[in-house]
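Encoded as structure tokens, the structure appears first; notes follow it.
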Amino acid sequence: MAELCSKITPARGGVMTDEVGVITGDLELCTSCDADGGVQVSVRYQGAGEWYALSSANCTLHDARDHEAVHQALVGVLHRPEG
């Protein structure tokens, strides 16, 4: 299973997780993709141990080779340090 991780700082409203609701601040975003194209998306506070599922972000790709493009698209949408 391939995994990609990036540091992000979301806009003021933060990101919604399944487990704890909205989280804000400096976060780490990780996506993992299995051989069948199943993508799992999770976030955590930078340096923390506990991961949370990013709400409504998991998906199945037609081709697992698209994993990096999906990861970069999520970073592009969620990383808004200027607000």
Side-chain angles (χ1 to χ4, degrees):
M1 183 176 293
E3 183 175 81
L4 298 171
C5 296
S6 299
K7 293 180 179 180
I8 64 168
T9 302
R12 178 182 279 180
V15 297
M16 179 63 76
T17 68
D18 292 343
E19 297 84 2
V20 296
V22 174
I23 61 174
T24 60
D26 294 329
L27 307 175
E28 188 174 1
L29 170 79
C30 282
T31 59
S32 59
C33 184
D34 62 29
D36 295 325
V39 176
Q40 304 293 315
V41 184
S42 53
V43 294
R44 70 177 176 182
Y45 293 104
Q46 288 182 20
E50 191 167 352
W51 289 94
Y52 307 109
L54 189 66
S55 294
S56 301
N58 293 346
C59 63
T60 301
L61 303 174
H62 176 72
D63 189 328
R65 293 176 292 183
D66 293 332
H67 174 214
E68 185 173 356
V70 168
H71 179 85
Q72 291 305 322
L74 285 166
V75 170
V77 168
L78 297 174
H79 183 61
R80 300 280 188 236
E82 301 293 321

Heavy-atom nearest pair, A35 first then A64, reads O-CB, 4.1 Å

Salt bridge (Lys or Arg N to Asp or Glu O under 4.0 Å): which pairs involve residues 24-35, sequence neighbours left out?
-> E28-R44

Distance-only donor-acceptor hits, side chain of residues 46-54, under 3.5 Å, sequence neighbours excluded:
unit_1, atom_1, unit_2, atom_2, d
Q46, NE2, L27, O, 3.0

Not counting sequence neighbours, list each pair that qualifies as a side-chain hydrogen bond (donor to acceptor under 3.5 Å, both in side chains) and has a residue in residues 14-23.
-> D18-S55

Who are the salt bridge (Lys or Arg N to Asp or Glu O under 4.0 Å) partners of E3, not counting sequence neighbours?
-> none

Who passes side-chain hydrogen bond (donor to acceptor under 3.5 Å, both in side chains) against N58, sequence neighbours left out?
-> Q40

For residues 7-42, which residue pairs qualify under disulfide (SG to SG under 2.5 Å), counting only residues two or more places apart or in two chains?
-> C5-C30

Report the residues that fulfil disulfide (SG to SG under 2.5 Å) with C59, sequence neighbours left out, ordered by chain and then residue number.
-> none

What's the shortest heavy-atom distance between V15 and P10, and which atoms?
-> CG1-CB, 3.9 Å

What are the two closest heavy atoms between L78 and L29, and how far apart are they?
-> CD1-CD1, 4.3 Å

Run the numbers on D36 and T60 for side chain to side chain contact (heavy atoms under 4.5 Å, CB included), then give the verdict.
-> CA-CA 8 Å; D36 295 325; T60 301; over 6 Å; no

Same hydrophobic cluster for V43 and L4, using side-chain heavy-atom links shorter than 4.5 Å among ILVMFWY?
-> no

With sequence neighbours excluded, tell me which residues meet side-chain contact (heavy atoms from CB on, under 4.5 Å) with V22.
-> M16, T24

According to the side-chain hydrogen bond (donor to acceptor under 3.5 Å, both in side chains) rule, which pairs have a member within residues 61-74, sequence neighbours left out?
-> S6-H71, T31-H67, T31-H71, D63-R65

